[in-house]
Amino acid sequence: MSRAEQIIIGDAPLGWQDVVAVARHGARLELSPNAWARIDNAQGIVQRIVVSGERAYGVNTGLGGLCNVLLEGEQLSRLSRNTLLSHACGVGLPLPDEQTRAITCAAIINYSQGKSGIHRQVVEALLALLNHRITPQVPSQGSVGYLTHMAHIGVALLGVGQVSYRGQVISALQALSEESFSPVVLGAKDGLCLVNGTPCMTGLSCLAIADVQRLTQWADIIGAMTFEALRGQLDAFDETIIGLKAHPGMQQVGRNLRGLLAGSEVLELSKGIRTQDALSIRSIPQVHGATRDQLAHATRQIEIELNSATDNPLLLGTPEAYRVVSQANPHGQSVAMAADLLAIAMAELGSIAERRLDRLINPAVSGLPAFLVTQPGVNSGMMIVQYVAASLCAENRQLAQPAVIDNYVTSGLQEDHLSMGTSAALKLHKVLENVTQILAIEYLLAAQAFEFFKEQRFGVGTDIAWQLLRERVPAYDEDRWLAPDIASSVTLLKNEESLQTIFRACHGQSSISSRAPSTNSAGQAGASSGRPTDINEGVAS
């Protein structure tokens, strides 16, 4: 599937796919003339305030608890520079480059609303960082929702700190010099614009949506393999039965499972061997479907935030007739709750996968050789990988505790309710990595279980999934080093083309399509999500 090579911010809303295209896939980001005009209009308001001497928070006053200190003249530029330097105090390991790029992209989208007052040259400099692959080194810890992460991005514009550039970590000043860029000279309100708002949590959450989309599909595929290996009873996925509970996600998972398992001789020969399966086997549509429904809700919240003006203060009107409004749009409660919700939903997806894979290795319930090895005893087989999955599930239970309900007081009682949205988004990414590992382990085990049914025909989708893994990981005949096998399985789960291959096998290449790319006001195609259409979901126009 082709991806957009350029994203243009115009007048139409952007989607999470556009952020992913820039942050993860290197699409070039540009602004339309209308977007630049909005930015210039708001900056004109700032200049009018500076000239008039009217008191306006963050334009010509101190910040936070210092909001009543009036500044003027050269102090305004110094305030912006000092704001970045004093706020760039994060700690911990640096974010991956794609996460920093996602934050930067979301910030530029925020400024393009034309309500911030940031100078054009600062936005141009941020675009240059993205488009020339100069990525600031941003410590991962220290944000209560905003401030520190964007401050570390901002100081790079000054030539301060370190950046990732051409495969190396070098000084920001050196990277700017090699691209013939000069450090930015900030003006009134620029520093506050750079650290304020919700781009950090929003950009991180856009990347997470892409991973959740992909993992929910793999969960259906791998869950179907486990269902088949355990000779599940297909009546639980009957279309009429599933249709009696109208949750959209559940309907989609039911369709996916029926398509993946179509034509399975293993299941045909297993009809009636038990009255009903364990819940972790027969409730795949209900559990996986619930995760999909939460994803739909969270995506809506995150995309609304992405296309919102989240600075404080906001500048409305024109330089001739304006309003400066102090408010709380930088409070990221909606995104924080959405990220927390996704962490819960994905932890559950990992939890049910662990319960399924445990049944695969337990001869008391599987009907398969103990720990999926032909000579148990001398071989431990797949025994310990279940321990690993259980450990990751336990960690996910801790990570699924909501961050948004924590609250602390900052800035001398001025900021006394915080969303903790960046913490919510960062721990969501940890949950997603753990779920990827859990599903990779279930994939290994389900594929190994298939080795004991090779004389029978598998489902059209599950058979392709089995073959794809076998191209990378051989069957397990006796004990060997398993860590590389898990890593190979993880690599496959991060391969979007493999999903396309499996879905094409279910319904033919002509009846499956990716979602249509978004189109913004400049007529430039936005990024495709990289998400293949689910089985029977319909062809995108």
Side-chain angles (χ1 to χ4, degrees), residues 23 29 43 46 58-59 62-64 66 71 73-108 110-111 116-197 199-200 203-204 311 330 411 422 426:
L29 185 64
Q43 171 48 213
V46 169
V59 177
L63 306 180
L66 301 175
L71 306 173
E74 183 269 341
Q75 290 179 315
L76 301 178
S77 178
R78 283 176 55 201
L79 170 62
S80 283
R81 180 180 178 86
N82 289 344
T83 297
L84 295 185
L85 294 173
S86 64
H87 286 52
C89 55
V91 298
L93 296 175
L95 296 178
D97 281 3
E98 69 171 31
Q99 292 186 4
T100 299
R101 289 173 57 81
I103 294 168
T104 307
C105 180
I108 294 169
N110 179 41
Y111 305 140
S116 299
I118 196 168
H119 279 80
R120 171 190 279 252
Q121 63 263 30
V122 181
V123 181
E124 290 172 338
L126 288 171
L127 285 168
L129 292 185
L130 280 176
N131 294 332
H132 290 263
R133 296 282 189 150
I134 302 172
T135 307
Q137 294 287 282
V138 177
S140 56
Q141 297 172 280
S143 173
V144 296
Y146 42 54
L147 303 180
T148 56
H149 289 73
M150 275 302 299
H152 281 276
I153 293 171
V155 295
L157 303 179
L158 308 178
V160 175
Q162 293 187 307
V163 298
S164 170
Y165 178 68
R166 296 182 179 176
Q168 294 182 310
V169 175
I170 62 175
S171 75
L173 192 61
Q174 180 183 347
L176 294 177
S177 175
E178 291 195 18
E179 292 288 347
S180 299
F181 299 145
S182 298
V184 173
V185 177
L186 303 175
K189 199 176 183 287
D190 288 339
L192 181 58
C193 291
L194 282 167
V195 301
N196 219 341
C200 187
L204 292 171
D311 280 324
S411 197
T422 298
L426 287 171

Do the non-hydrogen side-chain atoms of [X] and [Y] ever get within less than 4.5 Å of each other?
X: H149; Y: L426; result: yes
X: P139; Y: T148; result: no
X: I170; Y: V163; result: yes
X: S182; Y: L176; result: no
X: C193; Y: V122; result: no
X: S164; Y: Q137; result: yes
X: V138; Y: I103; result: no
X: L158; Y: L186; result: yes

Counting distance only, does the side-chain N/O of [X] pair as donor-acceptor with the main-chain N or O of [Y] below 3.5 Å?
X: Q43; Y: G117; result: yes
X: H87; Y: T83; result: yes
X: S140; Y: L93; result: yes
X: D190; Y: H119; result: yes

- Task: Given side chain to side chain contact (heavy atoms under 4.5 Å, CB included), test L204 with C200 step by step and report yes or no.
- Result: CA-CA 6 Å; L204 292 171; C200 187; 4.1 Å; yes
Might you point out which heavy atoms bring [X] and [Y] nearest each other, and give the distance in Å?
X: L84; Y: V155; answer: O-CG1, 3.6 Å
X: L29; Y: L127; answer: O-CD2, 3.4 Å
X: G159; Y: P183; answer: N-CB, 4.3 Å
X: S80; Y: G191; answer: OG-N, 3.0 Å
X: V195; Y: M150; answer: CA-CB, 4.0 Å
X: Q75; Y: L71; answer: OE1-CA, 3.5 Å

- Task: Given side chain to side chain contact (heavy atoms under 4.5 Å, CB included), test Y111 with L194 step by step and report yes or no.
- Result: CA-CA 9 Å; Y111 305 140; L194 282 167; 3.8 Å; yes
- Go through the structure and list residues passing salt bridge (charged side-chain N to carboxylate O under 4.0 Å, His left out) with R78, not counting sequence neighbours. E74
How many angstroms lie between atom [atom1] of [X] and atom [atom2] of [Y], to the nearest 0.5 angstrom?
X: L130; Y: T104; atom1: CG; atom2: OG1; answer: 5.0 Å
X: L126; Y: I134; atom1: CG; atom2: CD1; answer: 11.5 Å
X: T135; Y: Q162; atom1: OG1; atom2: CD; answer: 13.5 Å

- Query: Is there a donor in the side chain of E179 and an acceptor in the side chain of Y165, or the other way round, less than 3.5 Å apart?
  - Reply: yes
- Query: Any salt bridge (Lys or Arg N to Asp or Glu O under 4.0 Å) pairs touching residues 116-143, not counting sequence neighbours?
  - Reply: D40-R120, R120-E124
